[in-house]
2 protein chains.
Amino acid sequence: MDLKDGPRDPGANPGVPRRRLPPKERREQIVEGAVAFFAEVGLDGNTRELAQRLGVTQSLLFNYFDTKEALIEAVYARVYLDRLSPDWPDRLTDRTIPLRQRLLDFYTEYSSLIFERHWMRIFMFSGLAGAALNHRYLEHLGEVILRPLLAETKALSGDAADITMEDIWNLHGGIVYIGIRQHIYRMPAPENPEEAITRAIDKYLTFFQIGSDA
Amino acid sequence: MDLKDGPRDPGANPGVPRRRLPPKERREQIVEGAVAFFAEVGLDGNTRELAQRLGVTQSLLFNYFDTKEALIEAVYARVYLDRLSPDWPDRLTDRTIPLRQRLLDFYTEYSSLIFERHWMRIFMFSGLAGAALNHRYLEHLGEVILRPLLAETKALSGDAADITMEDIWNLHGGIVYIGIRQHIYRMPAPENPEEAITRAIDKYLTFFQIGSDA
DNA sequence: CGCGCTATTGATCATCTGCTCATTACTATT
DNA sequence: AATAGTAATGAGCAGATGATCAATAGCGCG
């Protein structure tokens, strides 16, 4: 099978818009493709295969990124950034809205953002690799989302049970685990997780004796 | 730095018992080392570095395993096998013991088995790689542990709430997430997770209106 | 003690992989 | 239509990596 048409086989990807994109666009395309590629095969995936999927030469990648490492950093940035909307801290502490509703709103939106194969897998790969961004993300999540949630819960709970961060992490982990099952382990999981999320939240609130009206 | 003593530098690992082990023992040592090594650096870790850590030549590895793939299979087997004690199905359904106690017993023992860095990381790496054993393990867990737990809970719960497998997975995920935070993300987590596990179980039982005596 | 078996080694191969760079050819501009 | 600027290519290097195999040397046995 010796293709002779067009510029010599740019990666067996016929029908894809050809060469000479504006640099910004090309860079964008590469990052996009790299996210999908590395999410699938892991961060050790090789640049030749990535290039082939993009329908582009491998050397082109190094016109846009000095090293593979730099490309992976761009992938991290793409995947991690803007995943936590900055207005959540305010919305989660808005006591004009029942806590249950705030929790439902947050986890419904958050899960729709992160229960996505590319994100889940890049996050896990980078976590296993000990990437600094992973640590920072989790610390940020803890401080900006979970710790305020602890305060909100404490404010409403009878102080019989002294709630700790571990209780919040348990709520969070139980929900996130849905996405892990689905995208990391590729096991069946509810395609629409809203009901499971609702149950998790109600289980949480019930234990800390918070009525659904509070 | 040219070592001249002993058989030529077997990997800069002085003081370690030397050469010519009985094959069974050597094989054991290699698998053990491979578990630790791959758990740390991932399944793409290279055989030369592994050999060096073992204080052994790289070629020796291929006397015991035909391919790197075969070695990794041995690692999987070592890590996955005997992780789920076969008597748990019986113990979890032993209604002479309160369900709360059964759950506490199970998750205390189970967490002490799996909240271990090597296991957690190999499990995650193999899950991401789509290893068949990973699937089988999770299906097995679901059928042999979690599904019976669903039945036990249903038997005791007021049938107001219809419990589903998702509720069980939520309990399970919330607990397992402790180990994920600790060993995958290397974030701080309670060194003794028993209290968090107890809370998770009580939260679960409370929601389904099961008294601590049942 | 000497010998034979075999666990272990060291050198080496073929391929893979990140990366470089001189050359090519697409496209905007005139 | 000709040209200049540069996006993209393709050949190729150096080092890494899985795997092979003949040679070596530790150890049990007579």
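Numbers restart at 1 for each chain; the letters A, B, ... are given by sequence-line order, proteins then strands.
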Side-chain donor-acceptor distances from residues 31-40 of chain A under 3.5 Å, at least two apart:
unit_1, atom_1, unit_2, atom_2, d
A/E32, OE1, A/R78, NH1, 2.4
A/E40, OE1, A/R53, NH1, 3.1

Query raised in the report: Separation of A/R27 atom CZ from D/dA7 atom P, in whole Å?
Result: 13 Å
Query raised in the report: Of all of residues 58-76 of chain A, which get a heavy atom below 4.0 angstrom from DNA chain D, listed by number?
Result: A/S59, A/L60, A/N63, A/Y64
Query - salt bridge (Lys or Arg N to Asp or Glu O under 4.0 Å) involving A/E194 - partner list, sequence neighbours excluded - result: none
**Report entry** d(CG, B/N46; C1', D/dA19) in whole Å
**Finding:** 13 Å
Query - A/R48, nearest nucleotide to its side chain (from D/dA7, C/dT17, D/dT9) - result: C/dT17
Query - Distance in angstrom units between A/Q52 CD and D/dA8 P, rounded - result: 18 Å
Report task. Indicate whether any N or O donor in one side chain lies under 3.5 Å from an N or O acceptor in the other, for A/N134 and A/Y76. Result -> no
**Report entry** Of all pairs that satisfy salt bridge (Lys or Arg N to Asp or Glu O under 4.0 Å), the ones with a partner from residues 164-177 of chain B, not counting sequence neighbours
**Finding:** A/R181-B/E166, A/R199-B/D167
Query raised in the report: Could you give the CG-to-P distance, from A/L54 to D/dT9, as a whole number of Å?
Result: 11 Å
Report task. Could I get the full list of salt bridge (Lys or Arg N to Asp or Glu O under 4.0 Å) partners for B/E143, not counting sequence neighbours? Result -> B/R147
Query raised in the report: Does B/R20 make a side-chain donor-acceptor contact with the base of C/dT6, cut-off 3.5 Å?
Result: yes
Report task. Report yes if some heavy atom in the side chain of B/I145 is under 4.5 Å from a heavy atom in the side chain of B/W88; otherwise report no. Result -> yes
Query raised in the report: Taking CG from A/D44 and C1' from C/dC16, how many angstroms apart are they, rounded to a whole number?
Result: 13 Å
Report task. May I ask you to evaluate whether B/R26 reaches the phosphate of C/dA7, defined as a side-chain N or O under 4.0 Å from OP1 or OP2? Result -> no
Report task. Select base, sugar-phosphate, or nothing to describe what A/P22 touches, counting heavy atoms under 4.0 Å on all strands. Result -> nothing
**Report entry** All salt bridge (Lys or Arg N to Asp or Glu O under 4.0 Å) counterparts of B/R117, not counting sequence neighbours
**Finding:** none
Report task. Round to a whole Å and report the spacing from CD of A/E25 to P of D/dT6. Result -> 18 Å
Query raised in the report: Can you tell me if the side-chain N/O atoms of B/T47 get under 4.0 Å from OP1 or OP2 in D/dT17?
Result: no
